[in-house]
Q: 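I have a structure I would like to understand better, so I am pasting it below and will then ask my questions one at a time.
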Amino acid sequence: MCGIIGYIGNNVEQKLLKGLEKLEYRGYDSAGLCVLRHGNFYVEKSKGSVEKLREKTCVKSEFGLGIAHTRWATHGKITIENAHPHFSSKGEVALVHNGIIENFEELKSALEEKGVYFYGETDSEVAAKLLSGRLSLKKIQNLVKKIKGTYAFAIISKKNNSIYFAKNKSPLYVAIGKDCSMIASDPSCFVGACDSFYPVDDGEYGKLDLKKVVFIDKHDKVVLKKSKKLDIDYFVDGKNGYEHFMLKEIYESKNVLGNIIQNYSSPLYKKLLEKVTEIDFNRVYFVGCGTAYHAGLIGQRYFMNNIKKDVFCERASEFSYQNRILDQKSLCVFISQSGETIDTIASLDYAKRCGAKIVSITNVSYSTIACKADINLPIFAGPEIAVASTKAFVGQCAVLFLLSKVLSGQNYIDDLVSLKEDLDFGDDEKLKRFAKKLASEDKVLFIGRGFDYITSLEASLKLKEISYINSIVEPSGELKHGPIALVEEGTILVVLATESELFIKTINNAYETKSRGAKLCLVTNQIVTETIQKEFDYVFKVKNTTSELMPVQTIVLLQKLAYYVAVTKKTNPDKPRNLAKSVTVE
Ligand code: AGP
């Protein structure tokens with residue numbers, strides 16, 4: 001998943017760099033830009049963050065056009081040669097790409113047989129080598145006909161004064177302002193320059209000039225599009241005084257719950273929920289990746305508790321490769337913060353082909369998944385910048401909770417209101433002390449039963465992805481069937497026990513590890529007797545709330561714990577190594 005941007009107007013370098021900063025959540029292994037003025041290219045590339053590229057770039061105010069790219073490496077190492085933009089053989093065409101060209105080896109060897117030299121290892125360079133000289137819509141049409149896979153291209157040539165583009169399954173948007181025009185992987189790049197934008201659809205290609213844009217569809221017909229208003233409030237900037245976006249976004253969970261309560265109490269969204277109740281289904285699939293998958297597991301339990309139907313939850317990367325019963329009586333709920341995760345898009349397309357009804361729960365209403373769904377239920381979380389998903393998980397659980405209640409004809413607002421009022425982010429000093437202890441560990445074990453097992457999965461993912469600690473999760477009852485062998489003197493065991501009827505069982509499972517040298521940390525809303533207190537090295541009491549919403553109350557505490565561990569280890573909680581915010585490669 002990479003970010004691409006193109007700009008026509010004054011101060012091209014500055015505008016490209018500013019746009020790349022907004023796209024860095026899509027990958028930050030390397031960055032580069034290419035600006036065309038008076039028939040010549042000015043090119044800069046850097047390994048690492050956009051800041052490194054900014055340090056090297058000589059900015060000019062005069063009019064020009066340019067393209068830029070921030071990379072999450074898929075094909076080829078993180079080197080300057082592999083950084084985009086990539087160039088045609090004679091260097092007169094420059095191209096940036098987000099996606100995966102699946103047939104790049106075949107194309108590359110055909111070109112090499114004709115004597116074409118490749119300076120890098122990427123699939124994207126192959127696309128650039130398929131182009132030359134003056135660009136035209138015909139040439140772009142020929143390019144996309146040769147390519148199999150996913151792409152968002154922005155392409156310029158020394159012989160043209162336009163930006164050419166093409167899109168298939170990787171996000172791409174175009175905007176025309178009063179004194180500039182832009183193309184980007186995310187409309188947030190248009191804030192401040194344009195007040196409306198056009199989504200580019202799969203199979204479309206076209207040409208962008210300063211004042212006009214031409215869209216051609218996959219049948220090579222000109223398409224006239226309606227622009228969408230840019231919701232400026234959505235794209236808020238800045239950390240509001242927090243050191244990292246992640247901590248700010250953890251605390252924003254309270255606002256997210258408020259937004260959900262307010263919006264889903266309004267006639268507009270109540271009507272949307274009613275539309276879901278009109279769907280005739282006899283089985284439900286929740287589908288997502290990572291945190292969104294964990295939210296799906298929570299949703300599955302909500303539906304099991306409230307709706308008497310068969311309910312399943314699948315990882316999107318597995319879903320379309322199973323022979324599941326999928327037909328007109330299947331309701332598929334796709335969960336995705338970005339709405340651009342390609343595994344989830346592929347699963348949605350598969351479910352659609354099987355005739356299933358499609359509901360999506362997303363944080364980006366103009367995203368691919370939101371637009372493909374029959375009904376999209378927003379989580380109103382606002383931009384989530386940190387790679388580690390926090391407030392979005394809270395929003396996903398809240399919307400799944402209200403969906404399960406609406407489908408079973410129950411009230412949902414009161415429980416959400418009390419959760420929002422009582423949401424407690426824990427004792428900072430206590431969390432920091434335990435984080436200091438965890439930071440020196442290379443292995444941490446989480447256990448829990450029922451909802452607590454799912455919350456453990458999510459807490460463990462946070463720890464893994466931002467502090468790089470090998471964090472393992474086991475259902476408490478499974479320990480003695482093998483995983484307890486992992487326990488050695490000093491192993492940290494984090495025990496989640498918020499479900500009263502499972503509390504004693506889980507405590508006893510923890511004792512089994514204590515006798516083998518484990519250090520125990522208890523996270524619970526239950527009464528902690530003196531005996532239990534004596535056995536546990538750390539105890540975190542979480543505020544009680546509706547049992548089905550305890551995962552939300554518990555996770556905000558554990559998100560903060562993971563954050564403090566990362567800060568102690570001096571990793572970058574907002575941009576952890578090897579990751580990106582939106583995974584647009586399968
Ligand atoms: C979560 O912290 C990770 N960033 C990752 O697992 C993420 O949840 C996953 O890639 C799904 O992203 P999506 O919600 O945008 O589809």
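Counting convention: from 1, in listed order, for ligands and their atoms alike.
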Q: Give a yes or no on whether Lys18 atom NZ has more than 12 heavy-atom contacts from other residues, nucleotides or ligands under 6.0 Å away.
A: no
Q: What protein heavy atom sits nearest atom 6 (O) of ligand 1, and how far off is it?
A: Gly290 CA, 3.2 Å
Q: Which bit of Glu340 gets closer than 4.0 Å to ligand 1, counting heavy atoms only: side chain, backbone, both or neither?
A: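 Near ligand 1, Glu340 shows nothing, with every heavy atom at 4.0 Å or more.
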Q: How far is atom 14 (O) of ligand 1 from its nearest protein heavy atom, and which residue and atom is that?
A: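 Among all protein heavy atoms, the one nearest atom 14 (O) of ligand 1 is Gln337 N, 2.7 Å.
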Q: I want to confirm something. Looking only at heavy atoms, which of Lys464, Glu465, Glu384, Glu458 is nearest to atom 2 (O) of ligand 1?
A: Glu465
Q: Under a 4.0 Å N-O cut-off, is there an ion pair linking Arg324 with Glu314?
A: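 Counted as a salt bridge, because a side-chain N and a carboxylate O are separated by less than 4.0 Å.
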Q: Starting from atom 16 (O) of ligand 1, find the nearest protein heavy-atom neighbour and note its residue, name and distance.
A: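 Protein heavy atom with the smallest distance to atom 16 (O) of ligand 1: Thr341 OG1, 2.5 Å.
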Q: At what distance is the nearest protein heavy atom to atom 15 (O) of ligand 1, and which residue and atom is it?
A: Ser338 OG, 2.7 Å
Q: Over 60° means perpendicular and under 30° means parallel, so classify the ring planes of His69 and His84, tilted if in between.
A: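 Because their plane-to-plane angle is under 30°, the rings of His84 and His69 count as parallel.
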Q: Would Thr291 and Lys462 count as a side-chain hydrogen bond (donor to acceptor under 3.5 Å, both in side chains) here? Give the steps.
A: CA-CA 9 Å; Thr291 290; Lys462 292 293 107 38; 2.9 Å; yes
Q: Could you check atom 10 (O) of ligand 1 against the protein and tell me its nearest heavy-atom contact, residue, atom and distance included?
A: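 For atom 10 (O) of ligand 1, the nearest protein heavy atom is Val583 CG2, 3.8 Å.
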Q: Is there a donor-acceptor contact under 3.5 Å linking the side chains of Asn305 and Glu548?
A: yes
Q: Using distance alone, decide if ligand 1 has a nitrogen or oxygen within less than 3.5 Å of any nitrogen or oxygen in Leu461.
A: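 Not met; the criterion fails.
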Q: Please report which non-hydrogen protein atom sits nearest to atom 4 (N) of ligand 1, along with the residue it belongs to and the distance in Å to one decimal place.
A: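 Of the protein heavy atoms, Val387 O, 2.8 Å lies nearest.
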Q: Taking only Lys NZ, Arg NE, NH1 and NH2, and the carboxylate oxygens of Asp or Glu, determine whether Asp428 and Lys560 approach each other closer than 4.0 Å.
A: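 The answer is yes: the pair qualifies as a salt bridge.
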Q: Note the single closest protein heavy atom to atom 11 (C) of ligand 1, along with its residue, its atom name and the distance in Å.
A: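 Here the nearest protein heavy atom works out to Cys289 O, 3.4 Å.
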Q: Using a strict 4.0 Å cut-off to heavy atoms of Ser389, name the atoms of ligand 1 that fall inside it.
A: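 Selected atoms, number and element: 1 (C), 2 (O).
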Q: Is Arg283 close enough and on-axis enough to Phe312, meaning under 6.0 Å and within 45°, for cation-pi?
A: no
Q: Would one find an N or O of Lys462, backbone or side chain, under 3.5 Å from an N or O of ligand 1?
A: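 The answer is yes, given that Lys462 and ligand 1 share an N or O pair closer than 3.5 Å.
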Q: Identify, by atom number and element, the atoms of ligand 1 in contact range of Thr291, meaning under 4.0 Å from any of its heavy atoms.
A: 1 (C), 2 (O), 6 (O), 8 (O)
Q: Tell me whether Ser336 has any N or O atom under 3.5 angstrom from an N or O of ligand 1.
A: yes
Q: Check whether the side chains of Thr341 and Asp343 place a donor and an acceptor atom closer than 3.5 Å, and report yes or no.
A: no
Q: Which atoms of ligand 1 are found less than 4.0 Å from any heavy atom of Ala388?
A: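 In order of number, 2 (O).
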Q: Against heavy atoms of Ala292, which atoms of ligand 1 measure under 4.0 Å?
A: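 Listed by number with element, the hits are 8 (O), 14 (O).
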Q: Does Lys309 qualify as a cation-pi partner of Phe303, given the criterion of NZ or CZ under 6.0 Å from the six-membered ring centre and within 45 degrees of its axis?
A: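 Relative to the ring axis of Phe303, which defines the angle, Lys309 lies outside at least one limit.
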Q: Are Asp202 and Lys167 within salt-bridge range, i.e. N to O under 4.0 Å?
A: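 Yes.
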